[in-house]
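Here is how names work: the chains are called A, B, and so on, in the same order as the sequence lines, proteins then strands, and each is numbered from 1. Below, all heavy atoms of this structure are taken into account, side chains as well, without hydrogens, waters or symmetry copies.
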Amino acid sequence: MKRRLITAALPYANGFIHLGHCAGAYIPADMYARFLRLNGEQTLFVCGSDEYGVAITISAEAEGVTPRDIIDKYHFANSEAFARLGISFDIYSRTSEPEHTRAAQEFFLDWLRKGLLVEREEGQFYDEVAKMFLPDRYVEGVCPNCGSDKARGDQCENCGAYYNQIELKNPRSKVSGQTPVIRKTKHWYFKLNEFQEAIEVYAESRAAYWKDNVMQQTRSWLKQGLAERAASRDLSWGVPVPLPDADGKVIYVWFEAVLGYISATKIWAQNQGTPEAWRDWWKKSDDNIYTAFLGKDNIVFHTIIFPIILMAADDYVLPAYVPANEFLNFEGQKFSKSRNWGVYARDFLQDFPEPAQIDALRYTIAANLPETRDSDFSWKDFQVKNNNELAAVFGNFVNRTAQFLHKYFGGAVPVLPERFAKLPEAWELLTDDLKREPLGREESRAKYESKHLRYFNPDEFAVLSALEFGTRRIAECYHSFRLREALLETMNVARAANKFFNDAAPWKTVKTDPDQCAKTLYVCAQLVRSLAVMFAPVTPNSSAEALRMLNTDSYTGEPDAKAAGVNRWNDVLHPLLAQGAMTAPPKILFGKIEDATVEKQLSKMGTATAAETVTEEELLGIDDFRKIQLRTAKVIAAERVPKSEKLLKLRVEIAGKERQILAGIAKFYTPEEMTGKTVVVAANLKPAKLMGLESQGMLLAANDDEGNLALVTLEREMPSGAEVR
RNA sequence: GCCGAAGUAGCUCAGUCGGUUAGAGCAACGGAAUCAUAAUCCGUGUGUCGGGGGUUCAAAUCCCUCCUUCGGCACCA
């Protein structure tokens, strides 16, 4: 039996996950995992937090806490969010686990033994006070290129030049403020280049299965050629390099984080009481199929770097499928942390805690998966999808069937009357016949129609063939990672079920032909069960609810060893509910989402309170404030700066003296309307160069979140050069 | 301004290795029905496939050009 290993990109434990992450990797991976488990396939779905790296130490310092505090905060928050979203990991681990350290170190030593690492010494800035080597973002100094004193690390903010850290003039450590010294430091470089050809062969062998965007990014990297890459860093926060002379050195995240998939699997195996079982999943075998879900920012790590690591280690499985998604936008705009544009999972869960609401989110995201290009999440769409699709089509069919059963059949699955007693057998025969027909050719149904009309009327025949063809089509979509289409096809089966209910009109036959009515509802009850299972990968909570209403097996694809081998997906085709079985009183599966709810969420978008980011220690004393000379200035001439979108070059007069100021206001003010205006400028700033022109001051204007801008002007006329305070 | 992506029905999107009357869901409109959360089912699209030009027997699909939008960069002292 095949073993299907699934990983979803490890989220970085330096922030909360948002719906973009969910759409990129976790929801599609979860749908796929649940689908496979419903099929009875052996499936292992692995993920965890990525918890090392410079960014985390920077956050820790900024907040005055330890890195451990940071990763605990985000690991537990994200882990809980995933659980509540119903992401059915077999294990959600973390890279700070000792087992991960062991695993990563083993790999490192193995590379060393195999001669894949080269040791090399180079100079780097060292802070003698803080006693640490300085990563690029911890040093600043004078740019060797343009002389700006705001240059940092390996790049100048002013002129954009890239250079080696040690070329920086007058370097200053951002940790201690002291001047760092240059010290030799040793690192291990991984010879990625030795795998150039092997990766090319591997990638091309997968060309038929990987999406265009995945292949193209991979090829473009390979085209540039793989080079040696440092596999270690001078850092305190990471997996230590396991060598005697390697104090203060950690394995670089490129070569460490992805191993989290493997260490997580090892921990899972230990928890199962079968510590060696991880090999069943990771060792190369014809039965092992590995699929890696991720966002487009992560492609080459999973098609080049990780495969190299796996190849280097011998007999590991390589990713067979890499379904990479594009990005999810929010209300038409890109996610932005600083602008608070986007929806965090935890915020959603706080406002929409109901299981059915979580299902509605999963459904909305699944229906809009950025499979081929960036797509959009909007609250209005969330409402529309919930109200007009989930509630109106799927929910409604479940409800009308349940209501009918309770109104006319005492809440039981109808017992088939004498004349339809053979229905279950006829159902099996019909399903068998339809199975032989290729998909996509509706006319092929016709040849069986007359044969089965002895047992089924045309409406019944139609709905059962919609079920059979739909189930196959959906399975095919899942297997080829067209999840959005899978969902659409699933909803189409629910539509066919509603159509059947309408066409069969049991509310009429209940009076005119009770036998026929019983038969109709018998079919409907079976369809409710089928639909609940078919929707389970997307709406597990509501599916379980519907199955519980039918007092039947409510499994919806969670990890469960006992589930392997039981093909519930296939069972969707069979009438498994027993005649006369009692059902629970109907419950509404999906409530409506009101306009007011949508408006409330919309109004929350983008309302980052700037005040929040001003912390105590940033408060200025009055003396500091006085250092800035604000003066009124009269604009005597203005013109656009050529080739610049935003800059206006202004000639201003301050108390009789002229100077030139560049201002980024061209999108909002024309040179003509600027001329003659009295504005407020910061008059004692160091001159700066913008687009090659000198700016001797800064003009004051108000900015809003959207980037709109309004000049600060005077309420009454004042001479130029007047002090503003 | 540079780089990248994209512009297909009112909306969200599919189709784009050239080939019959360009598709789906939602919305809208008309009808049927009333078991059901006014939920369902049926029917209805003269869409310049962003504009223009070219290649071709044939272009939404290839080439050129222009326009617009969205990212990234530059820039916003």
Does a side-chain N or O from [X] land closer than 4.0 Å to OP1 or OP2 of [N], or not?
X        : N     : answer
A:Asn388 : B:A27 : yes
A:Lys407 : B:A36 : yes
A:Lys592 : B:A38 : no
A:Gln403 : B:U37 : yes

Interatomic distance at [atom1], [N] relative to [M], whole Å:
N     : M     : atom1 : value
B:U48 : B:G52 : C1'   : 12 Å
B:U61 : B:C49 : C1'   : 10 Å
B:C26 : B:A22 : P     : 22 Å

Checklist entry - Hey, are A:Glu460 and A:Lys519 close enough for a salt bridge, meaning a charged N less than 4.0 Å from a carboxylate O? => result yes
Next on the checklist: What's the closest nucleotide to the side chain of A:Arg400 if the choices are B:U37, B:C35, B:G25?
Outcome noted: B:C35
Item to check | Partners passing side-chain hydrogen bond (donor to acceptor under 3.5 Å, both in side chains) against A:Glu723 (at least two apart in sequence or in another chain) | outcome: none
Checklist entry - Base, sugar-phosphate, or nothing: which does A:Ser375 touch, judged by heavy atoms less than 4.0 Å apart? => result sugar-phosphate
Checklist entry - Quick one, which residues of residues 489-499 of chain A touch RNA chain B with a heavy atom under 4.0 Å? => result A:Arg495, A:Asn498, A:Lys499
Checklist entry - Who passes side-chain contact (heavy atoms from CB on, under 4.5 Å) against A:Lys587, sequence neighbours left out? => result A:Glu545, A:Met549
Validation: residues 482-490 of chain A side-chain donor-acceptor distances under 3.5 Å, sequence neighbours left out:
{"residue": "A:Arg482", "atom": "NE", "partner": "A:Glu485", "partner atom": "OE1", "Å": "2.7"}
{"residue": "A:Arg482", "atom": "NH1", "partner": "A:Ser480", "partner atom": "OG", "Å": "2.9"}
{"residue": "A:Arg484", "atom": "NH1", "partner": "A:Leu369", "partner atom": "O", "Å": "3.0"}
{"residue": "A:Glu489", "atom": "OE1", "partner": "A:Arg473", "partner atom": "NE", "Å": "3.3"}
{"residue": "A:Thr490", "atom": "OG1", "partner": "A:Ala486", "partner atom": "O", "Å": "2.7"}

Checklist entry - Which nucleotide, in any strand shown, forms a Watson-Crick or G-U wobble pair with B:C2, with both distances under 3.5 Å? => result B:G72
Checklist entry - What about the rings of A:Phe382 and A:Phe348, do their centers lie closer together than 6.0 Å? => result yes
Which pairs, protein N/O on one side and nucleotides 28-30 of chain B N/O on the other, fall under 3.5 Å?
none

Checklist entry - Within the modelled atom types, does a donor on one side and an acceptor on the other bring the side chain of A:Asn396 and the base of B:U37 under 3.5 Å apart? => result no
Next on the checklist: Could you work out, with ring-ring contact (aromatic ring centres under 6.0 Å, His included) as the rule, every residue matching A:Phe301, not counting sequence neighbours?
Outcome noted: A:Trp254
